[in-house]
Q: 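Structure below; questions to follow.
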Number of protein chains: 2
Amino acid sequence: MLPAQRRDLLLTRLERDGRLVAKDLAAELGVAEDSVRRDLRELAAAGLCQRVYGGALPVSPAVADYATRGGVATESKRRVAAAAARLVRPDMTVLLDGGTTALAVARALPHDLRVTVVTHSPTVAVALLEHPGAEVFVLGGRLFKHSAVTSGAAAVEAAQWVHADLFLLGVTGVHHETGLTTGDADEAAMKRALAARSADTYVLASSEKIGAASPFTVLPLSEVSGIVTDAPEDHPVLDGLRRGGTPVVMAD
Amino acid sequence: MLPAQRRDLLLTRLERDGRLVAKDLAAELGVAEDSVRRDLRELAAAGLCQRVYGGALPVSPAVADYATRGGVATESKRRVAAAAARLVRPDMTVLLDGGTTALAVARALPHDLRVTVVTHSPTVAVALLEHPGAEVFVLGGRLFKHSAVTSGAAAVEAAQWVHADLFLLGVTGVHHETGLTTGDADEAAMKRALAARSADTYVLASSEKIGAASPFTVLPLSEVSGIVTDAPEDHPVLDGLRRGGTPVVMAD
DNA sequence: CTTAATCATGCGTGTTATTGCGCGTTGTGG
DNA sequence: CCACAACGCGCAATAACACGCATGATTAAG
């Protein structure tokens, strides 16, 4: 293991786990704790992590930069994705939406889980190349660059032959009155088409989506089986959703 | 072993292993560590790898995964890709195959070129997200993990509505007797279906493909408009192809 | 055919990076 | 306030490194 490779690994772990414990990593990598601590010090000096007693934590604001650049999800999205991934049971057929949260779900799926995934996102399809247990079907069509998914008539048509158990739906707004919304009309239609082909639909709603609204309605809240979110349990908008009869799944 | 050949090998290894260890490579290739280090320095200067203590790593951790999936092309493939990209004229409709060479073509296309690209490779589709001038259509279907393309009946069917000017075809073997070959039967069928939908078909044949043959025939050589290659002008197999009436495009 | 030039290579030399360990210091929890 | 773990720092050994130079091979020019 090259020293530089080890530092890369530390950053990857930090991303995945949200924290680093120097002692554990030293044991795992078979090096002295000193070396790990030295690495952490350097990474912290480079602004890539925040040094704390016992290990290191992600840099609070700078993470956003990294996230937008490499398609890496924020901690919030990762929590939601992890909870959503737990909804996927072996041998299910899952419709997976596009967007960074759905991408995080793909990455959060156990690599050897036997599952059939249907997606209209090439990005998600590429991520699932690393999952030997996943049978992947791509829905073709015109590529909508902004969110990197296929949409339009051809894509909607391609979705018609699918019968899925679960649709994990990404949106940009979840509001108790306007329902689920997104920023593009074609995209909204595509999401509706997918929801119609699945027994259950769960919404991936990281905290910043809660209470927000975008121009185009995807579905009314009554049409979904549940909302997966990491917003605080007692968030006022969540209370509103619950009163409206929408089940809320907490992402611890 | 030629120096340039050795550098290509280094890149191939970097692709495969995700890292290079100078000491090991020196021992394996039977050259001094200095020579390997010199190569690594040059490759790093050319932006093809990242020099680190002990060896080298892919250019950025973010593309490290990409590299192991074969996202990075060798110099040879890049030369072929650059030549093939020059075949693409403004406002054309191009069918772009999957595989590392085709991916390199996608990346080699001018970012503002107005062109319609139809592809059955999610990887290529993702690469074209950065090309604002490119209108991208994805052909859906079952994802064949090994080469990261969709294939099978659904994909072939989806290809039927396309009318393209140019198909850039990737194969694993170009042989004057067995013709164009690849390693999977479904994939071969898909490539045939794509060739049938395009006015012209050019084969992407980096030098290592020339003279090689794989289990499944894609097309006879007589069916293609030309072969793009970087093999030496006077390569005996190329002479054989020319005598057989196959046009050869040199990638200098 | 000969000579000059260019290039890759291997080796010696001095430099730099990395590592593990000991030691005194500092932070944490009871 | 105390015990303990984590910490930073300096040290020395080791490995990797860059640089310069001479050698041998291949190529270009004469």
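Every chain is numbered from 1, with letters handed out A, B, ... down the list of sequences.
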Q: Just one of B:Leu180, B:Thr101, B:Leu219, B:Asp97 clears the side chain to side chain contact (heavy atoms under 4.5 Å, CB included) bar with B:Val171, so which one?
A: B:Leu180

Q: Between D:dC9 atom C1' and A:Glu33 atom CD, what is the distance in whole Å?
A: 16 Å

Q: Hey, does A:Leu168 have a side-chain heavy atom less than 4.5 Å from the side chain of A:Val105?
A: yes

Q: Got a donor-acceptor contact below 3.5 angstrom from the A:Lys209 side chain to the A:Thr229 backbone?
A: no

Q: Check the distance between D:dG8's C1' and A:Glu42's CD and give it to me in whole angstrom.
A: 14 Å

Q: When the distance from CG of A:Leu2 to C1' of D:dC17 is rounded to whole Å, what number comes out?
A: 14 Å

Q: Using a 4.5 Å cut-off on heavy atoms from C-beta on, say whether the side chain of B:Phe167 contacts that of B:Asp200.
A: no

Q: Closest-nucleotide mapping onto DNA chain C: is A:Ala32 or B:Ala32 further toward the 5' terminus? I mean the 5' end.
A: B:Ala32

Q: A:Arg6 side chain: which of C:dT19, D:dC7, D:dC17 is closest?
A: C:dT19

Q: Tell me if the side-chain of A:Asp34 makes a donor-acceptor pair with the base of C:dC21, cut-off 3.5 Å, by modelled atom types.
A: yes

Q: Below the 4.0 Å mark, does D:dG8 have OP1 or OP2 next to a side-chain nitrogen or oxygen of A:Arg41?
A: yes

Q: Taking the side chain of B:Arg37 as its heavy atoms from C-beta onward, which of C:dA8, C:dT18, D:dA16 lies nearest to it?
A: D:dA16

Q: The side chain of A:Tyr53 is closest to which nucleotide in this list: D:dA6, C:dT19, D:dC17?
A: D:dA6

Q: A:Val52 near the nucleic acid: base, sugar-phosphate alone, or nothing, with a heavy-atom cut-off under 4.0 Å?
A: sugar-phosphate

Q: Does the D:dG8 base have a donor-acceptor partner in the side chain of A:Arg51 within less than 3.5 Å?
A: no

Q: Across the strands shown, which category fits B:Val21 at heavy-atom distances under 4.0 angstrom: base, sugar-phosphate, nothing?
A: nothing

Q: Got a salt bridge between B:Glu42 and B:Arg37, using NZ or NE/NH1/NH2 to carboxylate O under 4.0 Å?
A: no

Q: Inspect the contact between B:Glu33 and B:Arg38 and indicate whether a charged nitrogen and a carboxylate oxygen are less than 4.0 angstrom apart.
A: no

Q: Rounding to 10°, can you tell me the angle the first-five-pair axis of the helix from C:dC1-D:dG30 to C:dG30-D:dC1 makes with its last-five-pair axis?
A: 40°

Q: Taking CZ from A:Arg19 and P from D:dA6, how many angstroms apart are they, rounded to a whole number?
A: 13 Å

Q: Taking atom P of C:dT9 as reference, at what distance in whole Å does atom CG of B:Leu29 sit?
A: 10 Å

Q: Closest to the B:Lys23 side chain: C:dT9, C:dT18, D:dA16?
A: D:dA16

Q: Rounded off to whole Å, could you give me the CG-to-C1' distance for the A:Leu40 and D:dA6 pair?
A: 12 Å

Q: When you check the phosphate oxygens OP1 and OP2 of C:dT18, does a side-chain N or O of A:Ser35 lie under 4.0 Å from one of them?
A: no

Q: Does the pair B:Thr201 and B:Glu223 meet the rule for a side-chain hydrogen bond (donor to acceptor under 3.5 Å, both in side chains), with working shown?
A: CA-CA 8 Å; B:Thr201 297; B:Glu223 296 282 318; over 6 Å; no

Q: Are there over 12 heavy-atom neighbours, none belonging to B:Arg242, within less than 6.0 Å of that residue's CZ?
A: yes

Q: What about A:Arg38: does its side chain form a donor-acceptor pair under 3.5 Å with the base of C:dG20?
A: yes

Q: Please report, rounded to the nearest Å, how far the P atom of C:dT9 is from the CG atom of B:Asp39.
A: 7 Å

